[in-house]
2 protein chains.
Amino acid sequence: MSRLPEYLRALHALADAGHETVSSEGLANAAGVNSAKLRKDLSHLGSYGTRGVGYDVALLIDQIESVLGLTQCRAVALVGVGNLGHALAGYDGFASRGFRIAALLDADRSRVGEQINGLVVRHVDELSRVVAEESISIGVIATPAPAAQAVADELVAVGVTSILNFAPCVLSVPDGVDVRKVDLAIELQILSFHEHRKASLTALPATGGPGLAALPGGLAATDTQEAIGT
Amino acid sequence: MSRLPEYLRALHALADAGHETVSSEGLANAAGVNSAKLRKDLSHLGSYGTRGVGYDVALLIDQIESVLGLTQCRAVALVGVGNLGHALAGYDGFASRGFRIAALLDADRSRVGEQINGLVVRHVDELSRVVAEESISIGVIATPAPAAQAVADELVAVGVTSILNFAPCVLSVPDGVDVRKVDLAIELQILSFHEHRKASLTALPATGGPGLAALPGGLAATDTQEAIGT
DNA sequence: AGGCGCTTGTGAAGAGGTGCACAAATCGCG
DNA sequence: CGCGATTTGTGCACCTCTTCACAAGCGCCT
Ligand SMILES: NC(=O)c1ccc[n+]([C@@H]2O[C@H](COP(=O)([O-])OP(=O)(O)OC[C@H]3O[C@@H](n4cnc5c(N)ncnc54)[C@H](O)[C@@H]3O)[C@@H](O)[C@H]2O)c1
Ligand SMILES: NC(=O)c1ccc[n+]([C@@H]2O[C@H](COP(=O)([O-])OP(=O)(O)OC[C@H]3O[C@@H](n4cnc5c(N)ncnc54)[C@H](O)[C@@H]3O)[C@@H](O)[C@H]2O)c1
């Protein structure tokens, strides 16, 4: 489930706050989900709660980290050390979440050799060697969109089977390779859609615009993420 | 639907490539979705295709932009001009997607006054004035997690009803305010989960680990995003 | 030791998304 | 003008995910 990482983050926060155990209700609040959904999720990985008490925070953290394969740090290769790549490379919050940026790669030779956060930028030609040396298991693409597919192909060719893509384009990869995409413009556009919907609802309860604003079919807000009330 | 922005991006790419019309199959391929799903999505906003021909690219772009409320540029305020904030502020790809970063705000007075991409960083105390001056409709939070809730409260207080949150925490907001979260560590952890699953499947067809790797319930890959084959 | 309150785990119902398959519609061409 | 090729729009079945509601289990207090 894609909610496990969210639970994990909430559990770490609870552990830091000194909680030994947590009820499904408490953890659900901290993670922003329904408590029944959370219990069902946790039951899928083998039910480690105690009725009447709740879940042992430390034990549950171990459980989830084991399921997610975070028992040891995973090495990540970052391809494209530009605007966004610099921010990612300079971010120190990945280590506590189980990841280590182990390599920085770029095609621009004028960037090669630059040091960021103690890591030196290497040329993308060295990808194969770097992946082997550092046991890279995940590749992050932060290049412009036109280069993203080529970079993905190279990553796949050297054996990387998980890719996080920041370029606004769809990647074609063979079966067995997982790709996740982060497109900030899409997130903004979804918010814009909600803004637009809210504006036309408050301003025009009946169809009042030039005919296009009010949708006939309904088109309710059917996104993945949701906001919870106060 | 949250897929509309993806369609829009694919349509712009097709328009740049000179296509006048596109079939549902072609657009579905470019957007990485099923063609039936795409047709059903488009039919929800009023069916503007011609049978036997396909969809008019320019018309469909106008349609989707109208639905998303992108007919005019939306002004965005970015709060927290640190590591990540700099990358976002320096990114010029938002303008072509319908957004304009109209304000940079930070609590650190030593950052106030700094210029990025022609924009001056202002103190977060000026949030109220800036939001009114620039007709801000969306707020982006790129502060550390402990400050995110306070910033969100301030944004809501000055009338912002859509928030994009990069801090790894859940935000509580009143009803009517939309929040979307981007957590890169969560994306990496989902990839890690798939890596872990692939590894245990290839190495141990039957239960062979210390009992925790192989999940009893099944726990198939049930994420939002998916990879398509070549 | 027994009862009581609290919490988990889960069955079942409901809702919504997905994809197939096909009828309806349009264009181009003879 | 008529026909075939092509593509849209959609009814329908399937399936997953979500949520409610409640029995079973556990600890604590008396
Ligand atoms: N900067 C942001 O805030 C932001 C926001 C949303 C999306 N994005 C996307 O992220 C990607 C990167 O954005 P950016 O602002 O960092 O761009 P950028 O131009 O600053 O950096 C791109 C880097 O990739 C390198 N590169 C180009 N081709 C390469 C190749 N074939 N192999 C390896 N490296 C290569 C370039 O040398 C450059 O250093 C883009 O696709 C952009 O659309 C960025
Ligand atoms: N940098 C990354 O690549 C990256 C990756 C994933 C997540 N994040 C998250 O993004 C957020 C920002 O990361 P960063 O690396 O830019 O951190 P950063 O420390 O470099 O920048 C944070 C900025 O926010 C400002 N700030 C702090 N409190 C504020 C307040 N109350 N109001 C306004 N501004 C305030 C600080 O002055 C600073 O300039 C963090 O929550 C981080 O976890 C960053």
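Below, chain A is the first sequence line, B the second, and so on; all start at residue 1. Worth knowing before you read on, the calculation uses all heavy atoms, side chains too, and leaves out hydrogens, waters and symmetry mates.
- The closest donor-acceptor contact from the side chain of A:His12 to the backbone of A:Ile61 lies at 3.5 Å or more, if one exists at all.
- Spacing between atom CG of A:Leu27 and atom P of C:dG9 amounts to 12 Å, rounded to whole angstrom units.
- Taking 4.0 angstrom as the limit, A:Arg3 places a side-chain polar atom (N or O) nearer than this to OP1 or OP2 of D:dT18.
- As a whole-Å value, the separation of A:Leu60 CG from C:dT7 C1' is 15 Å.
- Contact between the side-chain N/O atoms of A:Tyr55 and the OP1/OP2 oxygens of C:dG9 is found at a separation under 4.0 Å.
- Here D:dT6 presents its P atom at 15 Å from CZ of B:Arg39, a figure rounded to the nearest Å.
- Summarising the geometry, the separation between NZ on A:Lys37 and P on C:dT7 is reported as 21 Å, rounded to the nearest angstrom.
- Atom CG of A:Leu38 is separated from atom C1' of D:dT19 by 14 Å (rounded to the nearest Å).
- A:Met1 places its CE atom 11 Å from the C1' atom of D:dT18, with the value rounded to the nearest Å.
- Using a 3.5 Å distance cut-off with no hydrogens or angles, the side chains of A:Asp41 and A:Tyr7 do pair a donor with an acceptor.
- For the OP1/OP2 pair of C:dG17 and a distance below 4.0 Å, the side-chain nitrogens and oxygens of B:Asn34 include no atom meeting the criterion.
- Dashed line: the shortest gap from a side-chain N or O of A:Ser24 to OP1 or OP2 of C:dT7 is not under 4.0 Å.
- In terms of position along DNA chain D, the nucleotide closest to A:Asp41 lies nearer the 5' end than the nucleotide closest to the other residue of the pair A:Thr50 and A:Asp41.
- Closest to the A:Ala36 side chain, of the nucleotides D:dC12, D:dC20, D:dT8, is D:dC20.
- When rounded to the nearest whole Å, the span between CG of B:Leu42 and C1' of D:dT7 equals 13 Å.
- For B:Ser137 (side chain) and B:Arg74 (main-chain N/O), no donor-acceptor pair under 3.5 Å exists by modelled atom type.
- Within the 3.5 Å criterion, the main-chain N or O of B:Cys169 finds no donor-acceptor partner in the side chain of B:Lys181.
- Listed nucleotides: C:dT8, D:dC20, D:dG9. Nearest to the side chain of B:Arg51: D:dG9.
- Under the 3.5 Å distance criterion, with hydrogens and angles disregarded, a donor-acceptor pair is assigned to the side chains of A:Asp153 and A:Gln149.
- For A:Lys40 against C:dT10, a side-chain-to-base donor-acceptor contact under 3.5 Å is absent.
- B:Tyr7 has its OH atom 13 Å from the P atom of D:dT8, to the nearest Å.
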